[in-house]
Asks: 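Would you mind keeping the following structure in view while I ask a few things?
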Amino acid sequence: MPEGDTVWQTAKRLHAALAGGTLSRSDFRVPKYATVDLTGRTVLDVTPRGKHLLTRVEGGLTIHSHLGMEGSWKVFTDQQRWTGGAVHQIRAILTATPAPTHTPNTPAAPDARPAPTATHTAVGYRLPVLELLRTTEEDRAVGHLGPDLLGPDWDPDRALANLLMDPARQLGEALLDQRNLAGIGNVYKSELCFLLRVTPWLPIGALPAEHTAQLPLLAKKLLEANRDRPIRNTTGRRGQDLFVYGRVRRPCLRCATSVRVADQGDGSRERPTYWCPNCQAGPTPSRTPGATPHHGTQHRGTQHRTTN
């Protein structure tokens, strides 16, 4: 499931494959941009912003994409078979050809951007968001986001202040709202709540003071620890990568009680939320059988839309 660490890794791979190269193919398979042709333009950089990707190209344009729940960008060489999904799931194709190398008598500019050394093709599969923006208008896509847990704008004090603006809001919902802090998805939401020993349905204003101060720092620590890992791990144990997420009906790694799951939110999207009923204090949904996700199950109180 793509979260801030996944997007950071994706941006790193795309940047290494495309930045500094010249686009020899650009194919957008969404109706609005079907006739757009970016060939001949240099790819300047690929930057992650929370769970968003910004691919900037020559001419002041930015390709904005979001992976959603199932999207991905895959990078292939000319010799590799495309393996990211069915052809009808492809939303974008970008091929970057290396820029000509300078001759001994023509030294590279001191600020020259490292170019790819081979032709690479980036293929975007199942992307729920794909649009072309003026680079100067990127705020239209990402200006609403709070401090980025893996970005240069990270500010734990601001993130905490954002989270506490609505003390009655459920902790899990507040963590998923990217306007508060950018990069957390369902996995980290469940894992953070477990580490704080409270349920995701606890009003954030009821979180013990020592845990409140720790929250943004712990979130930052988890994502930073995983941004270069091929397999996400929050436990520090081999073979037991996550404390509760995806472990319904399996024993809690701390107390051996069966882990439970339920949906959290207003029912407009699936948000499977995992917790240990013994280790985590706080309210839970009225029905919590071990394995059945409950679409539309709600905890009483104000419902908020979660913004990506």
Side-chain angles (χ1 to χ4, degrees), residues 2 4-30 32-68 71-80 82-85 89-103 106-143 145 148 150-153 227-228:
D5 52 352
T6 313
V7 175
W8 193 92
Q9 292 174 19
T10 299
K12 184 178 179 181
R13 287 194 299 271
L14 290 174
H15 184 87
L18 303 178
T22 301
L23 289 175
S24 56
R25 180 180 182 182
S26 78
D27 183 357
F28 296 96
R29 299 186 179 182
V30 293
K32 185 175 181 179
Y33 303 107
T35 61
V36 170
D37 184 5
L38 300 180
T39 57
R41 298 175 187 251
T42 300
V43 179
L44 304 179
D45 65 77
V46 183
T47 298
R49 183 71 174 87
K51 295 193 283 184
H52 299 250
L53 286 161
L54 303 171
T55 302
R56 301 182 180 112
V57 298
E58 185 182 16
L61 296 176
T62 296
I63 302 165
H64 166 232
S65 60
H66 192 288
L67 303 183
S72 68
W73 279 96
K74 302 291 185 181
V75 175
F76 306 100
T77 63
D78 284 345
Q79 293 74 36
Q80 289 179 307
W82 295 3
T83 57
Q89 296 177 328
I90 295 174
R91 298 293 176 266
I93 303 170
L94 300 172
T95 299
T97 302
T101 55
H102 65 276
T103 64
T106 309
D111 60 346
R113 183 177 290 101
T117 57
T119 297
H120 289 92
T121 296
V123 185
Y125 293 90
R126 301 172 299 278
L127 302 174
V129 176
L130 181 67
E131 61 178 343
L132 192 63
L133 305 169
R134 292 285 179 190
T135 301
T136 55
E137 298 177 353
E138 286 178 355
D139 273 359
R140 285 173 42 200
V142 297
L145 298 176
D148 187 343
L150 294 178
D153 69 320
R227 69 180 186 179
D228 290 313

Asks: Mind listing the closest non-hydrogen atom pair of L94 and L18 along with its distance?
Replies: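 Looking at all heavy atoms of both residues, the shortest contact is O-CD2, 4.1 Å.
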
Asks: How are the rings of H52 and H66 set relative to one another: parallel (under 30°), tilted (30 to 60°) or perpendicular (over 60°)?
Replies: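 Ring orientation of H52 relative to H66: perpendicular.
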
Asks: With a 4.5 Å heavy-atom cut-off, do L38 and V43 have their side chains touching?
Replies: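 No; the side chains remain at least 4.5 Å from each other.
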
Asks: Not counting sequence neighbours, which residues clear salt bridge (Lys or Arg N to Asp or Glu O under 4.0 Å) with R41? List them please.
Replies: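 With sequence neighbours excluded, R41 shows a salt bridge (Lys or Arg N to Asp or Glu O under 4.0 Å) to no residue whatsoever.
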
Asks: What are the two closest non-hydrogen atoms of W73 and A92, and how far apart are they?
Replies: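 The answer is CH2-CB, 3.7 Å.
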
Asks: Hey, what do you get for CG (L133) to CG (L54), rounding to the nearest 0.5 Å?
Replies: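 Nearest 0.5 Å value for the CG-CG distance: 8.0 Å.
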
Asks: Show the nearest heavy-atom pair for residues A17 and A96, with the distance to one decimal.
Replies: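 Between these two residues, the closest heavy atoms are O-CB, 4.2 Å.
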
Asks: The criterion is side chain to side chain contact (heavy atoms under 4.5 Å, CB included); which residues satisfy it with R29, sequence neighbours excluded?
Replies: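 For R29 the side chain to side chain contact (heavy atoms under 4.5 Å, CB included) partners, ignoring immediate neighbours, are R25, D27, V87, I90, I93.
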
Asks: Quick one: closest heavy-atom pair of Y125 and G85, and the distance?
Replies: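 Answer, listing the atom of Y125 first, then G85: CE2-N, 3.4 Å.
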
Asks: Hey, what do you get for OG1 (T95) to NE2 (H120), rounding to the nearest 0.5 Å?
Replies: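 Answer rounded to 0.5 Å: 11.0 Å.
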
Asks: Taking T39 for the side chain and S24 for the main chain, is one N or O donor matched with an acceptor at less than 3.5 Å?
Replies: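 Absent.
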
Asks: Return the orientation label for the F76 and W82 ring planes: parallel under 30°, perpendicular over 60°, tilted otherwise.
Replies: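 Parallel.
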
Asks: Closest heavy-atom contact between L14 and A122?
Replies: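 Between these two residues, the closest heavy atoms are CD2-CB, 3.5 Å.
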
Asks: With sequence neighbours excluded, tell me which residues meet salt bridge (Lys or Arg N to Asp or Glu O under 4.0 Å) with D37.
Replies: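 By the salt bridge (Lys or Arg N to Asp or Glu O under 4.0 Å) rule, D37 matches no residue at all.
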
Asks: Identify the heavy atoms of T22 and T42 that sit nearest to each other, and give their distance.
Replies: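 The pair with the smallest heavy-atom distance is OG1-OG1, 4.0 Å.
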
Asks: Who are the side chain to side chain contact (heavy atoms under 4.5 Å, CB included) partners of T136, not counting sequence neighbours?
Replies: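 Residues passing side chain to side chain contact (heavy atoms under 4.5 Å, CB included) with T136: R134.
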
Asks: List in chain and number order the residues that pass salt bridge (Lys or Arg N to Asp or Glu O under 4.0 Å) with D228, two or more places apart in sequence or in another chain; answer none if no residue qualifies.
Replies: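 With sequence neighbours excluded, D228 shows a salt bridge (Lys or Arg N to Asp or Glu O under 4.0 Å) to K12, given in chain and number order.
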
Asks: Could you point out which residue of L127, L130, V36 forms a side-chain contact (heavy atoms from CB on, under 4.5 Å) with V30?
Replies: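 Between V30 and the candidates, side-chain contact (heavy atoms from CB on, under 4.5 Å) is satisfied uniquely by L130.
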
Asks: With the side chain counted from C-beta on, respond yes when L23 and E58 share a heavy-atom pair under 4.5 Å apart, and no when they do not.
Replies: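 They are not in contact (no side-chain heavy atoms under 4.5 Å apart), so the answer is no.
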
Asks: Can you name the salt bridge (Lys or Arg N to Asp or Glu O under 4.0 Å) partners of R56, sequence neighbours left out?
Replies: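 Testing R56 for salt bridge (Lys or Arg N to Asp or Glu O under 4.0 Å), a comparison that skips the adjacent residues, returns D45, E138.
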
Asks: Between H64 (side chain only) and E131 (backbone N and O only), is there a donor and an acceptor less than 3.5 Å apart?
Replies: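 Absent.
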
Asks: OG1/T119 to CD/Q79 distance, rounded to the nearest 0.5 angstrom?
Replies: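 One gets 9.0 Å once the value is rounded to the nearest 0.5 Å.
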
Asks: Does the side-chain contact (heavy atoms from CB on, under 4.5 Å) test come out yes or no for Q80 and T121, once each step is laid out?
Replies: CA-CA 10 Å; Q80 289 179 307; T121 296; over 6 Å; no

Asks: Rounded to the nearest 0.5 Å, how far does CZ of R49 lie from CG of D148?
Replies: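 So the CG of D148 and the CZ of R49 are separated by 5.0 Å.
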
